[in-house]
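These notes concern the structure reproduced below.
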Amino acid sequence: MKASRRWLEAFLRQPLDPADVAARLGMLGAPVDAIEQVGADLGAFVVAQVTDVRPHPNADKLRVTTVDDGSGTLWTVVCGAPNVVAGGKYPFARLGTTMPDGLLIERRKLRGEASEGMLCSARELGLGQDHDGLLALTTDAAPGTPMADVLGAPDHRFEVDVTPNRPDLLGHKGIARELALSLRVPFRLPAIPGEVGLDVPPPHRAGDEATVGGVRLAITDRGCARFLAAVIRGVTVGPSPAWLVERLQGAGLRSINNVVDVTNYVMLELNQPMHAYDAGTLRGPAVLARTARDGESLVTLDGVTRTIPAGALVIADAERAIGIAGVMGGHDTEVSATTTDVFLECAWFDPSRVRAARRAVGLSTDASHRFERGTDRWGASDAFQRAVRLLLTVAGGTVDGQTVDCVPVAANPPRIFLRPARVAQVLGLDLAWTEIERCLVGIGATVVSKPDDGRIAVDVPGWRPDLLSEIDLVEEIARVHGYDEIPTEVRPFRPGARQDDPAWNAAAHVRTGMVGLGLAEVMTLPMVASGGPAAPHLLNPLSAEHGLLRDAIVPALARQVEANWAAHTGDVRLFEVGTVFERAGGGTRPIERMAVGFVVTGGRRPAHWSDGGARAAFDRWDARGIFDRMVALAHPGASVQVEGDRWVAKDPAGLPVGWCGAVAADVPAWADQLFGGEVTVVVSTRSAPQYIPLPTYPASVRDLALLVGIEQPVAAISDLLLQRGRRHALEAVTVVDEYRGAGLPEGRRSVAVRLTFRAPDRTLTDADVDQAIGRLRTSLERELDVTLRSS
Amino acid sequence: MSYEHPSLAPLAARLAAVPTLPADALDAEEIAVMGRKQGELTLLLKSLATLSIEEKRAMGGALNQLKQAFDAAFAARRAELAATAAAVEARQVDLTMPARQSWTGTRHPVTLVVDEIVEIFRGLGFTVALGPEVETDALNFTMLNFPPDHPAMDMHDTLYLGGEGGGGQVGERLLLRTHTSPVQIRVMQDGPPPYRVVIPGMVYRNDAFDPSHAPAFSQIEGLAVDEGITFVDLKATLTHFARRFLGPDTRVRFRPSFFPFTEPSAEMDVGCRLCDGAGCPACKGTGWMEILGCGMVHEQVLRNVGLDPERWTGFAFGMGPQRIAMQRYGLPDIRLLYGGDMRFLTQVGGGTP
């Protein structure tokens, strides 16, 4: 909602400081997002009096004037305006003034006559569009008086952030009411300048049918609960008076013509949208509020042909729809320059019907915005009468017959019972009855009875459709009393009885561990462009780039690596812990599981000068190391196995829970290979590792070079050695080297293993170890066809 | 010790000279004295065999002592020279050369902020609750008192699930939760009050990426329900949080606001930390920064989960860790938080550059 400072000042009859207005509205729940100055800064202009006007010797349309600007010097100014007269006062731009459009006023010759300044029109001052002549000033101010003193300071436009529950703040009156409450001053509807037609009688009450000014009015759809109408004949459609243009401009609306401006003025003032039809275009003549027929269409005011959604509430004449109720009127019945008779509509439409229609046609207007939040059903009559008087004042004409007020179904604003004890229970403070009453009266409610039975009956105002129950009043009392006035003291509380969700702690454990591996945590968007067949689709994605829910973490990480490569960063180490999704089928919700993924590429460690420029990049063995750790963190009990050209983690039941290997990506020529892995995070009970006594006897270490088949897995050799070596006090088998190439038998590679022997109860002798090695050699030869390289 | 025998005097003198021998003379002197074949001391020891018993007694003990003294003196001198050489070498190393680093892991600013918030609320008796990211419209909206087809829905541009997942009846339509509040319902349906939980998680909106909006972002929500909880408790708890999180001198204010699932509702602002309340572009000149939305749990929400609002009252709050991270790290664009630029991550995470 855009609100004009001057308009609010007219309600409150006192000057307002824009920053103060913003602060007060903010503390009442309607923050001001922006304050904009409206109109030119008039500081550069002064009042000047024309003392002499004479014809220009060389131009018929120009005049030469003598201008007194109060400086003591009389200036010669060439002027083209037809309305300049001797003795008249006009805004004057002295030499050296910069105009709002950037033009610098200098001494110059116009058709041979010197001109020393400029007499200005309203448009030249940035005060509207009027450029027919000079802005004639009706002021007693002496020549030389600053224009700002004459026309007042510029207006300010507030951008008020109105929450959806407060339609009343979509009109200046509602905002003025809040400010009056905060300032503790009264407020009053501003008078209409030059108002005529005060003898307009109140509208004639009717049910769902009436005749107004010869036009039949009928309401057949109960989505329209009130319809006020007038026919005004003999209006003159034309420009609005300056005060009306300025009001609308202050509130961010452009003047269109006096009739339309009146409807907009009342909408912005009282939050009651209205519509004016050219009565001469109405067929029948009739106006109906009815349900749309199948396939009906309408050319709306904006010139677009729209299909009216089935079941929508429309305004129609005897033959056709002439408006989508509460959204937009029709083009054919629009008020135009030639209109002389106006049919004025002021109605209450069901908010949900308006909302449904505006969503269906995809057209949000100032009117629909207000109707779908709820207009004042009971205040419509006041708004209507104000509009009629305004129209008669600014456009002339007379009301044909009597105005009507059709109320198909009568209703009263709700009455709510309030218990002061409930106020205390929710707010935590005891408020005096007088303060509760002040708060409620301040928002426009009527307090009906004193709290003798512990309850107060409160009739809520029609402009507050959000107030439906006692708790709504409790909030109003807190709001008006002031949230600042409620104490901030820590009172005793009971701690929560629930345990932490174990998944949270599992994720935290994984994160900490991954950071310890030197990886950087990221948070990628869970909506992705592509995924596996089980990735759930979104019905209304932002774009195809975000059409699926991710079913894996690593692809998104790979895209981030590519972005790093694009920025010439080659050393990248990322991980993410997050939710992945899998379609479950049968209309049931997708399966969500927490997963952790990582990617690494580039230098295994930061480059150092001692490496002499050589750079060791992450390889598959680094990735496997990270993966082993990640599996231990995220999925304890899972084991890592080889499957094809990568590793997979399997849970004790043999189900795959993760993988690790090379990752497909768009690798630039200069960059290193990308590796990554992913594993499902499970919640597990992590018991503390139990202490095993530390060894007290020394170990004996032997290295063996084994001739192993090219495709023979070393893991099998290690397993066999550990199994057979158990009774020989073999503690550990470590692979220390691998060699392939010359000097080896065909089909063999050399793998060096280091065997560590240790007995728990004595120091092993060389003879003990020699004997063990002998036995193990025999096992290797017999069971795996593996021999010692040296033998 | 003295070596009074006159024939030992020259050796005793040489022993005294060992501590000052230069490095290049040390080995030669050791051979000259102790050499296995021609060493002077060695020869004297060998010659003992030819002496009489009296002379053996007189010389034997002295010679052995002398040998031990020489051993010790040569070892000490050698160690001394080695230490000196090492010191010289050390002085020649340029200690301003760059160190050998290792990669440092970093936490993401947002998960770090979430952890900090959770820790503060743990200290106030809250525990962590989680819930699914795909929800029904019933849990995301209806149970939370969003009136059907109401403008309040416009605040939550919703992403619905397509295909077989999205075709449910109203109430069972699957969507990506637009806030973490459905977990409030889940917690309250899970058992009787009191409740005191914080709910971190990812939420989704059908908002295009721009410098201050993202289609998915973190939220952390809180819920406390018990007998006797009032607006005073809400203000006290959240003020305490703000001062723990942002510093003990943090200014806090509460403004009325609107959320369908709380009433009364409020926004909590904290004093702008960049301008200290004077007004700056970051706080749009107001001196305040919005940090969270909150309110007393709406009566209808309590009724919806079968709790009597005359007996149970409570408060709820929610905040956006991305926005908090943006303020904390001075980020101009929320999209930085969704990228994986190593330069950014190490800058804000304090890792190896």
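Labels below follow one simple rule: chain letters A, B, ... track the order of the sequence lines, proteins then strands, and each chain is numbered from 1.
Ranking Leu429(A), Leu28(A), Asp472(A) against chain B, the residue ahead of the rest is Asp472(A), based on heavy-atom pairs under 4.5 Å. When Asp157(B), Val187(B), Thr237(B), Leu112(B) are compared by the number of non-hydrogen pairs under 4.5 Å with chain A, Val187(B) comes out ahead. By number of non-hydrogen pairs under 4.5 angstrom with chain A, the leading residue of Met97(B), Arg343(B), Gln300(B) is Met97(B). Ranking Pro164(A), Ala507(A), Ala22(A) against chain B, the residue ahead of the rest is Pro164(A), based on heavy-atom pairs under 4.5 Å. Comparing Arg255(B), Arg253(B), His240(B) by how many heavy-atom pairs each has under 4.5 Å with chain A, the most go to Arg255(B). Taking Pro215(B), Pro260(B), Ser257(B) one by one and counting their heavy-atom pairs under 4.5 Å with chain A, the maximum is reached by Pro215(B). Between chain B and the residues Arg355(A), Arg479(A), Arg559(A), the largest count of heavy-atom pairs under 4.5 Å involves Arg355(A). Taking chain A as the reference chain and counting heavy-atom pairs below 4.5 Å, the highest number among Thr313(B), Asn206(B), Leu238(B) is found for Asn206(B). No other option in Ala216(B), Gly125(B), Pro98(B) has as many heavy-atom pairs under 4.5 Å with chain A as Pro98(B). With chain B as partner, the option from Val426(A), Leu574(A), Thr569(A), Val490(A) having the largest number of non-hydrogen pairs under 4.5 angstrom is Val426(A). Between chain B and the residues Asp571(A), Asn165(A), Leu519(A), the largest count of heavy-atom pairs under 4.5 Å involves Asn165(A).
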**Request:** Verify side-chain contact (heavy atoms from CB on, under 4.5 Å) between Thr230(B) and Arg491(A), making sure each step is shown before the conclusion.
**Result:** CA-CA 10 Å; Thr230(B) 70; Arg491(A) 293 175 179 176; 3.8 Å; yes

**Request:** List the steps and the verdict of side-chain contact (heavy atoms from CB on, under 4.5 Å) for Leu337(B) and Met523(A).
**Result:** CA-CA 7 Å; Leu337(B) 293 170; Met523(A) 186 178 247; over 6 Å; no

**Message:** Is there a salt bridge (Lys or Arg N to Asp or Glu O under 4.0 Å) between Arg589(A) and Glu135(B)? Walk through the geometry before answering.
**Reply:** CA-CA 8 Å; Arg589(A) 63 172 66 234; Glu135(B) 275 292 5; 3.6 Å; yes

**Asked** Does the side-chain contact (heavy atoms from CB on, under 4.5 Å) test come out yes or no for Leu549(A) and Glu133(B), once each step is laid out?
**Response** CA-CA 11 Å; Leu549(A) 288 175; Glu133(B) 295 174 27; over 6 Å; no

**Request:** Verify side-chain contact (heavy atoms from CB on, under 4.5 Å) between Leu525(A) and Phe209(B), making sure each step is shown before the conclusion.
**Result:** CA-CA 11 Å; Leu525(A) 206 61; Phe209(B) 252 136; 3.7 Å; yes

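Contact of Phe315(B) with chain A is not made at all, since no heavy-atom distance falls under 4.5 Å. Interface residue Leu176(B): only side-chain heavy atoms are found under 4.5 Å from chain A. Interface remark: Val197(B) contributes side-chain atoms only to the contact with chain A (heavy atom separation under 4.5 Å). Proximity to chain A (any heavy atom under 4.5 Å) is restricted, for Ala99(B), to the backbone atoms N, CA, C and O. In this structure, the portions of Met342(B) lying under 4.5 Å from any heavy atom of chain A include both its backbone and its side chain. With a threshold of 4.5 angstrom between heavy atoms, Phe217(B) does not approach chain A through any atom at all. Looking at Val114(B), the atoms closer than 4.5 Å to chain A (heavy atoms on both sides) all sit in the side chain, from C-beta outward. Using a 4.5 Å cut-off between heavy atoms, Gln322(B) contacts chain A through its side chain alone, with no backbone atom that close. At a 4.5 Å heavy-atom cutoff, the contact between Asp226(B) and chain A is made by side-chain atoms alone. Heavy-atom distances place the side chain of Ser218(B), and not its backbone, under 4.5 Å from chain A. Looking at Pro200(B), only its side chain comes within 4.5 Å of chain A, counting heavy atoms on both sides.
Between the side chain of Gln560(A) and the backbone N or O of Tyr338(B), at least one donor-acceptor pair lies under 3.5 Å. In this structure a side-chain-to-backbone donor-acceptor pair under 3.5 Å is missing from Trp504(A) to Ala129(B). Counting only distance, with no hydrogens or angles, the side chain of Arg107(B) and the backbone of Val515(A) share no donor-acceptor pair below 3.5 Å. Between the side chain of Glu263(B) and the backbone N or O of Glu475(A) there is no donor-acceptor pair closer than 3.5 Å. Judged purely by atom type and a 3.5 angstrom limit, Asn564(A) uses its side chain to pair as donor or acceptor with the backbone of Gly340(B). Checked by atom type and distance alone, the side chain of His546(A) never pairs as donor or acceptor with a backbone atom of Ala208(B) at under 3.5 Å. Side-chain atoms of Asn540(A) come within 3.5 Å of backbone N or O of Tyr160(B) as a donor-acceptor pair. With hydrogens and angles disregarded, no donor-acceptor distance shorter than 3.5 Å links the side chain of Arg196(B) to the backbone of Ala497(A).
Residue Asp207(B) holds its CG atom at 7.5 Å from CG of Leu542(A), rounded to the nearest 0.5 Å. Interatomic distance, Thr512(A) OG1 to Asp115(B) CG, rounded to the nearest 0.5 Å: 7.5 Å. Annotation: the span from Leu130(B) atom CG to Glu592(A) atom CD amounts to 11.0 Å, rounded to 0.5 Å. Here the straight-line distance linking atom CG of Leu161(B) with atom CZ of Phe581(A) works out to 8.5 Å at 0.5 Å rounding. Atom CG of Asp611(A) and atom CZ of Arg100(B) lie 6.5 Å apart (nearest 0.5 Å). Atom-to-atom distance recorded for Phe254(B):CZ and Met27(A):CE is 10.0 Å, nearest 0.5 angstrom.
In this structure, Arg166(A) forms no cation-pi arrangement with Phe258(B), as its terminal cationic atom is not both closer than 6.0 Å to the ring centre and no more than 45° off the ring axis.
Remark: the Thr111(B) side chain and the Glu521(A) side chain contain an N/O donor-acceptor pair separated by less than 3.5 Å.
The minimum heavy-atom distance between Met202(B) and Thr524(A), with the atom names listed, is CE-O, 4.4 Å.
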